*Asks:* 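Got a structure for you, written out below as structure tokens; questions coming shortly.
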Amino acid sequence: MSGTKGLEGIVATESKISSIIDDKLTYVGYDIDDLTENCSFEEVVYLLWNLKLPNQEELASFKADLAKEMEVPQGIIDHLKSYDLSTVHPMAAVRTAVSMLGLYDNEADEMTEEANRRKALRLQAKISTIVTAFARIRKGQEPVAPKKDLNFAANFLYMLNGKEPEDIEEEAFNKALVLHADHELNASTFTSRVCVATLSDVYSGVTAAIGALKGPLHGGANERVMQMLSEIGTVDNAIPHIKEKFANKEKVMGMGHRVYENGDPRAKHLRDMSYQLTNITGETKWYDMSVKIEEFIKEEKGLPANVDFYSASVYHSLGIDHDLFTPIFAVSRISGWLAHILEQYSDNRLIRPRADYVGPDKQKFVPLSERS
Ligand SMILES: CC(C)(COP(=O)(O)OP(=O)(O)OC[C@H]1O[C@@H](n2cnc3c(N)ncnc32)[C@H](O)[C@@H]1OP(=O)(O)O)[C@@H](O)C(=O)NCCC(=O)NCCS
């Protein structure tokens, strides 16, 4: 037996949800460019879960169903309030709160397709409320209840800030949600599928996926991009800073991708939004710095910017705390996880690969009392 480190190039399942072929990303066969420019996030979630775009009536009813499920049990809010949130990373809080949601759902272990779809709806609706409640509670503010007539993107920003967003803010946030919704068999999605392939429940699958997304090589990169840009500080300092990183053999967050060779098709949309938003805030240096870094790394190493690179300056321009960037990734990607979880259940087989054993062989057993 021989292994492939990081399962690179291994096809582990069939899926009808999204594809990456020749650097082109599609959801259910629709080009990500068309969806980003034309769709609300709710339309995309519907698409991922039903493998068809909704008509107007279906969309209205889906939005109403989501709106009905946005409130979270008071016990979860009380639980969040019981921690010293100044030291808790929001991804840890969200992971725990999402897991707790299962304790309040008396259908948690009901495995019919209908029950799993109801849980998917609840999770998709409630995760926004959890992230924004956490963000407010740690600042000593009360959570803001969702407004049922707002779109998903606007509602998130409303619950976060206590005021409705400007149109451009809603547009940018909606685009970011659409772009992060699904991405074939990425690490967190694979995690969710491995988990539920044991016939564990939806809450366990999503909790496991949040854990995988938290890491800096996956969703955790976006927060670290902003940390890097803040450390760089000025446009002139950008290239010297990156050169120093290269000299220290450090990775540059937001750069490179396992699957894309020439470029991540999501990055250009976020680059455009970053340009527009930084011009509005007057802090164009974040955009200028990012472009310089992107061009330099492309030239030096042939590495493309990935989805996390420009999302950092987009979220920063929306006034969002940097450690909320990855939880926001989860607010969107949970739609993909849930689609994959439903797909996995629909034609399940336990996922159980093998390891190439490279440890010592034929060891002579020594009783405990005789071991040195
Ligand atoms: C995304 C990522 C994990 C893909 O990893 P991978 O396919 O396992 O690729 P590797 O880490 O093996 O990298 C291959 C080579 O490119 C280099 N490389 C990859 N990403 C790099 C980066 N962001 N900065 C600097 N060098 C990088 C590696 O050092 C390695 O070089 P070497 O062969 O000389 O040792 C990787 O590109 C990365 O760590 N990027 C930064 C984190 C990030 O933005 N993650 C979000 C992904 S959407």
Side-chain angles (χ1 to χ4, degrees), residues 3-12 18-20 23-25 27 32 36 91 175-192 209-232 238-271 274 286 289-316 322-323 325-334 336-337:
T4 306
K5 199 170 180 190
L7 298 182
E8 180 167 359
I10 301 292
V11 176
S18 64
S19 76
I20 304 169
D23 288 355
K24 204 185 233 313
L25 171 62
Y27 297 165
I32 190 69
T36 307
M91 278 301 273
K175 280 188 175 170
L177 292 177
V178 169
L179 289 166
H180 286 83
D182 196 47
H183 206 222
E184 203 222 44
L185 213 54
N186 60 90
S188 55
T189 301
F190 186 53
T191 303
S192 72
I210 296 175
L213 186 72
K214 184 170 178 282
L217 296 188
H218 191 9
N222 56 11
E223 178 185 345
R224 286 161 180 85
V225 171
M226 203 58 225
Q227 196 179 330
M228 176 182 76
L229 296 179
S230 306
E231 280 166 17
I232 293 173
I239 305 304
H241 188 96
I242 298 300
K243 282 185 177 163
E244 202 181 313
K245 277 199 180 299
F246 286 169
N248 296 334
K249 303 230 171 307
E250 278 175 56
K251 278 185 167 175
V252 180
M253 293 291 118
M255 289 290 154
H257 203 277
R258 172 66 68 76
V259 181
Y260 295 118
E261 287 187 3
N262 298 310
D264 181 332
R266 303 167 296 177
K268 62 179 178 294
H269 295 282
L270 292 159
R271 190 193 304 123
S274 170
W286 305 122
M289 242 185 248
S290 303
V291 171
K292 263 195 153 182
I293 294 169
E294 182 189 15
E295 285 169 358
F296 180 71
I297 295 187
K298 181 93 193 157
E299 209 176 288
E300 289 285 308
K301 299 248 176 192
L303 290 171
N306 62 50
V307 71
D308 291 311
F309 194 62
Y310 284 96
S311 68
S313 47
V314 166
Y315 296 147
H316 175 79
H322 301 168
D323 60 359
F325 293 2
T326 315
I328 288 170
F329 196 153
V331 165
S332 167
R333 182 57 58 82
I334 195 172
W337 297 332

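All figures in this text were calculated on a predicted structure; none of them were measured in a lab. In what follows, residues are counted from 1 in the order of the sequence shown. Remember, it's 1-based here, ligands and their atoms both numbered in the order they're listed.
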*Asks:* Is Val307 in polar range of ligand 1, meaning some N or O pair under 3.5 Å apart?
*Replies:* no
*Asks:* Drop me the distance from Arg266's CZ to His183's NE2, to the nearest 0.5 angstrom.
*Replies:* 3.5 Å
*Asks:* Taking atom CG of Asp182 and atom CD1 of Ile20, what is their separation to the nearest 0.5 Å?
*Replies:* 9.0 Å
*Asks:* In the protein, which heavy atom is nearest to atom 45 (N) of ligand 1, and how far is it?
*Replies:* Leu217 O, 3.0 Å
*Asks:* Anything under 30° is parallel, anything over 60° is perpendicular, the rest tilted; go ahead and classify Phe296 against Phe246.
*Replies:* parallel
*Asks:* Return the CG to CE distance between Leu303 and Met255, rounded to the nearest 0.5 Å.
*Replies:* 8.0 Å
*Asks:* If you compare all heavy atoms of Pro304 against all heavy atoms of Asn262, which two are closest, and at what distance to 0.1 Å?
*Replies:* CB-O, 3.9 Å
*Asks:* Determine, counting only non-hydrogen atoms of the protein, whether one lies under 4.0 angstrom from atom 2 (C) of ligand 1.
*Replies:* no
*Asks:* Decide if atom NZ of Lys243 counts as having more than 12 heavy atoms of other residues, nucleotides or ligands within a radius under 6.0 Å.
*Replies:* no
*Asks:* For atom 9 (O) of ligand 1, is there a protein heavy atom at a distance under 4.0 Å?
*Replies:* no
*Asks:* Polar-atom distance check: Ala221 versus ligand 1, any N or O pair below 3.5 Å?
*Replies:* no
*Asks:* In the protein, which heavy atom is nearest to atom 24 (N) of ligand 1, and how far is it?
*Replies:* Val252 N, 2.9 Å
*Asks:* Does atom CD of Glu299 have more than 12 heavy-atom neighbours from other groups under 6.0 Å away?
*Replies:* no
*Asks:* Does the plane of the ring in His322 sit parallel, tilted or perpendicular to the ring in His316? Use 30° and 60° as the thresholds.
*Replies:* tilted
*Asks:* For atom 47 (C) of ligand 1, what is the nearest protein heavy atom, given as residue, atom name and distance?
*Replies:* Asn306 ND2, 3.6 Å
*Asks:* Consider every N or O of Leu303 and every N or O of ligand 1, then say whether any pair is closer than 3.5 Å.
*Replies:* no
*Asks:* Is there a donor-acceptor contact under 3.5 Å linking the side chains of Ser188 and Trp337?
*Replies:* yes
*Asks:* Looking at every non-hydrogen atom in both residues, tell me the closest pair between Tyr27 and Val178 and how far apart they are.
*Replies:* OH-O, 2.7 Å
*Asks:* Let me know which of Glu294, Lys268, His269 forms a side chain to side chain contact (heavy atoms under 4.5 Å, CB included) with Tyr310.
*Replies:* Glu294
*Asks:* Measure from atom 39 (O) of ligand 1 to the protein's non-hydrogen atoms and state whether any distance is below 4.0 Å.
*Replies:* yes
*Asks:* Strictly less than 4.0 Å: does any protein heavy-atom distance to atom 26 (N) of ligand 1 fall in that range?
*Replies:* yes
*Asks:* Is there any N or O on Lys251 that sits under 3.5 Å from an N or O of ligand 1?
*Replies:* yes
*Asks:* Quick check for you: to the nearest 0.5 Å, what is the distance between His241 atom NE2 and Ile293 atom CD1?
*Replies:* 7.5 Å
*Asks:* Is ligand 1 less than 4.0 angstrom away from at least one heavy atom of Lys301?
*Replies:* no
*Asks:* For ligand 1, does Asp308 get within less than 4.0 Å through its side chain, its backbone, both, or neither, judged by non-hydrogen atoms?
*Replies:* side chain
*Asks:* Quick check for you: to the nearest 0.5 Å, what is the distance between Asn186 atom CG and Ser18 atom OG?
*Replies:* 8.0 Å
*Asks:* Hey, is atom 15 (C) of ligand 1 under 4.0 Å from any protein heavy atom?
*Replies:* no
*Asks:* With a 4.0 Å cut-off on heavy atoms, is Pro216 touching ligand 1?
*Replies:* yes
*Asks:* Strictly less than 4.0 Å: does any protein heavy-atom distance to atom 12 (O) of ligand 1 fall in that range?
*Replies:* no
*Asks:* Distance under 4.0 Å to a non-hydrogen atom of Gly254: what atoms of ligand 1 satisfy this?
*Replies:* 43 (C), 44 (O)
*Asks:* Tell me whether atom 6 (P) of ligand 1 lies less than 4.0 Å from at least one protein heavy-atom position.
*Replies:* yes
*Asks:* Evaluate the 4.0 Å heavy atom contact test for atom 30 (C) of ligand 1: does a protein atom fall under the cut-off?
*Replies:* no
*Asks:* Residue-level breakdown please: for His218 versus ligand 1, do any non-hydrogen atoms fall below 4.0 Å on the side chain, on the backbone, on both, or on neither?
*Replies:* backbone
*Asks:* So, regarding Met255 and ligand 1 (criterion: nitrogen or oxygen to nitrogen or oxygen, under 3.5 Å), is there a contact or not?
*Replies:* yes
*Asks:* Please report whether ligand 1 has a polar contact with Arg258, defined as an N or O pair separated by less than 3.5 Å (distance criterion only).
*Replies:* yes
